[in-house]
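Notes to accompany the following structure.
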Amino acid sequence: LPVVQRDVELERPRCREVAHRQAVSMHRLIEARRSFVLGVAVTLAGVTLSAQDPDAITFAAIGDMGTGGPGQKQVAEAMAGVSRSRPFDFILTLGDNFYGTGVLSVEDPQWQSKFVEMYSDPALQVPFHPSLGNHDHQGNPVAEVEYSKHNQRWQMPAQYYTFTET
C-alpha cells in the first residue's frame, strides 16, 4: 500500500503539469482565433478596396462576433477604417451574434454593449442583415427578429429570410 500511495503522490505533479499545458494550449487557441477573426476582417477589407467599379455593392461579412471583448472591438475598428475609404452598403452577420447564450429580449443589455456601442463609428451606420447561429438559438432568437422594430440598422424580418440589395 505505501508503494501505491507514493506512486499517486508522484502522479499529482504530472497531472498539474498536463493541466497547465492544456490551459496554455487553450489560451493560445483563443488568441489565434482572435487574430484569425481580425485577419479575416482585414482580408475582406482588402478585397473590398480592390473593387474598381464605383457601382459595385460593398459589404462586410462577420461571424462569431458577439463577445463584447477587445477582439470584437478591434474587428469593428478595422471595419470602420475600411468603410471610411470605401463605404459599406451593408454588413452581413454570419451567426453567433451574441455569446454565450444569445439575447433574452429586445431589452437585453447585450444589445447596447455588443451591437449599438460596438458598431457606433459613423462609418458603420449602415444596415446589418443578421443570421442566427447556435449561440443565438440558446437564447431567444425571436428577440433578434423583434429588435428590427427597435433599431433600423438591425434588419432581420424573420429567422430565415432573403433580401435584395441594388
Side-chain angles (χ1 to χ4, degrees), residues 15-48 57-83 87-165:
C15 290
R16 280 189 219 116
E17 180 184 333
V18 168
H20 176 73
R21 280 189 297 200
Q22 289 175 339
V24 168
S25 294
M26 183 60 76
H27 178 72
R28 287 183 182 149
L29 178 64
I30 290 168
E31 289 303 314
R33 183 172 181 202
R34 287 182 184 147
S35 297
F36 173 76
V37 169
L38 184 57
V40 168
V42 172
T43 301
L44 287 173
V47 170
T48 300
I57 294 174
T58 306
F59 65 95
I62 53 176
D64 295 319
M65 63 183 225
T67 65
Q72 184 181 3
K73 187 66 176 170
Q74 288 175 328
V75 171
E77 289 169 355
M79 289 169 51
V82 171
S83 190
F88 295 141
D89 294 299
F90 59 89
I91 297 170
L92 293 175
T93 80
L94 307 176
D96 293 344
N97 304 314
F98 298 95
Y99 277 103
T101 56
V103 292
L104 298 178
S105 70
V106 295
E107 290 90 22
D108 193 306
Q110 292 183 89
W111 286 109
Q112 267 317 112
S113 62
K114 296 179 180 179
F115 177 65
V116 174
E117 293 169 7
M118 194 63 66
Y119 302 103
S120 62
D121 190 288
L124 300 178
Q125 302 307 300
V126 298
F128 278 65
H129 296 287
S131 58
L132 298 169
N134 63 312
H135 287 271
D136 302 304
H137 281 282
Q138 291 175 17
N140 180 1
V142 174
E144 292 197 40
V145 174
E146 292 297 312
Y147 190 70
S148 296
K149 298 173 185 170
H150 298 268
N151 186 314
Q152 66 183 14
R153 287 191 312 147
W154 191 265
Q155 297 185 6
M156 185 176 201
Q159 290 187 42
Y160 303 96
Y161 66 97
T162 61
F163 73 95
T164 303
E165 188 75 27

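Two residues are said to be in side-chain contact when any heavy atoms from C-beta on lie closer than 4.5 Å; D108 and F98 fail this criterion. Proximity of V142 to Q159: side-chain heavy atoms (C-beta onward) are separated by under 4.5 Å at one or more points. A heavy-atom distance below 4.5 Å is not found between the side chains of Y147 and S105. When side chains are defined from C-beta on, Y161 does not count as touching Q155, because their heavy atoms never get closer than 4.5 Å. Two residues are said to be in side-chain contact when any heavy atoms from C-beta on lie closer than 4.5 Å; F59 and I91 fail this criterion. Inter-residue side-chain proximity for H135 and N97 is flagged as unmet; no heavy-atom pair is nearer than 4.5 Å. Contact annotation: the side chain of E117 never approaches that of W111 to less than 4.5 Å [non-hydrogen atoms, C-beta and beyond]. Side-chain contact check for I62 versus M79: some heavy-atom pair is nearer than 4.5 Å.
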Test log, rule side chain to side chain contact (heavy atoms under 4.5 Å, CB included), inputs M65 and D96:
CA-CA 6 Å; M65 63 183 225; D96 293 344; over 6 Å; no
Take R153 and V126, measure what side chain to side chain contact (heavy atoms under 4.5 Å, CB included) needs, and give me the verdict at the end.
CA-CA 6 Å; R153 287 191 312 147; V126 298; over 6 Å; no
Please evaluate residues E144 and D136 with respect to the criterion side chain to side chain contact (heavy atoms under 4.5 Å, CB included), reporting the C-alpha separation (whole Å), side-chain torsions for both, the decisive distance (0.1 Å), and the verdict.
CA-CA 8 Å; E144 292 197 40; D136 302 304; 2.9 Å; yes
The test is side chain to side chain contact (heavy atoms under 4.5 Å, CB included); show your working for N151 and F115 and say whether it passes.
CA-CA 10 Å; N151 186 314; F115 177 65; 3.7 Å; yes
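In terms of modelled atom types and a separation under 3.5 Å, the side chain of T93 and the main chain of G63 share no donor-acceptor contact. Without hydrogens or angle criteria, S83 side chain to A123 main chain gives a donor-acceptor distance under 3.5 Å.
Atom CG of L104 and atom CD of Q138 lie 11.5 Å apart (nearest 0.5 Å). Considering NZ of K114 and OH of Y99, their distance stands at 10.0 Å, rounded to 0.5 Å. One finds the CH2 atom of W154 at 8.0 Å from the OG atom of S148 (value rounded to the nearest 0.5 Å). The CD atom of E146 lies 10.5 Å from the CD atom of E107; values are rounded to the nearest 0.5 Å.
Between A143 and V103, the closest heavy-atom pair is CB-CG2, 4.0 Å.
For the side-chain contact (heavy atoms from CB on, under 4.5 Å) test, residues two or more places apart in sequence or in another chain that qualify with E165 are I57, D89, F90, H129, F163.
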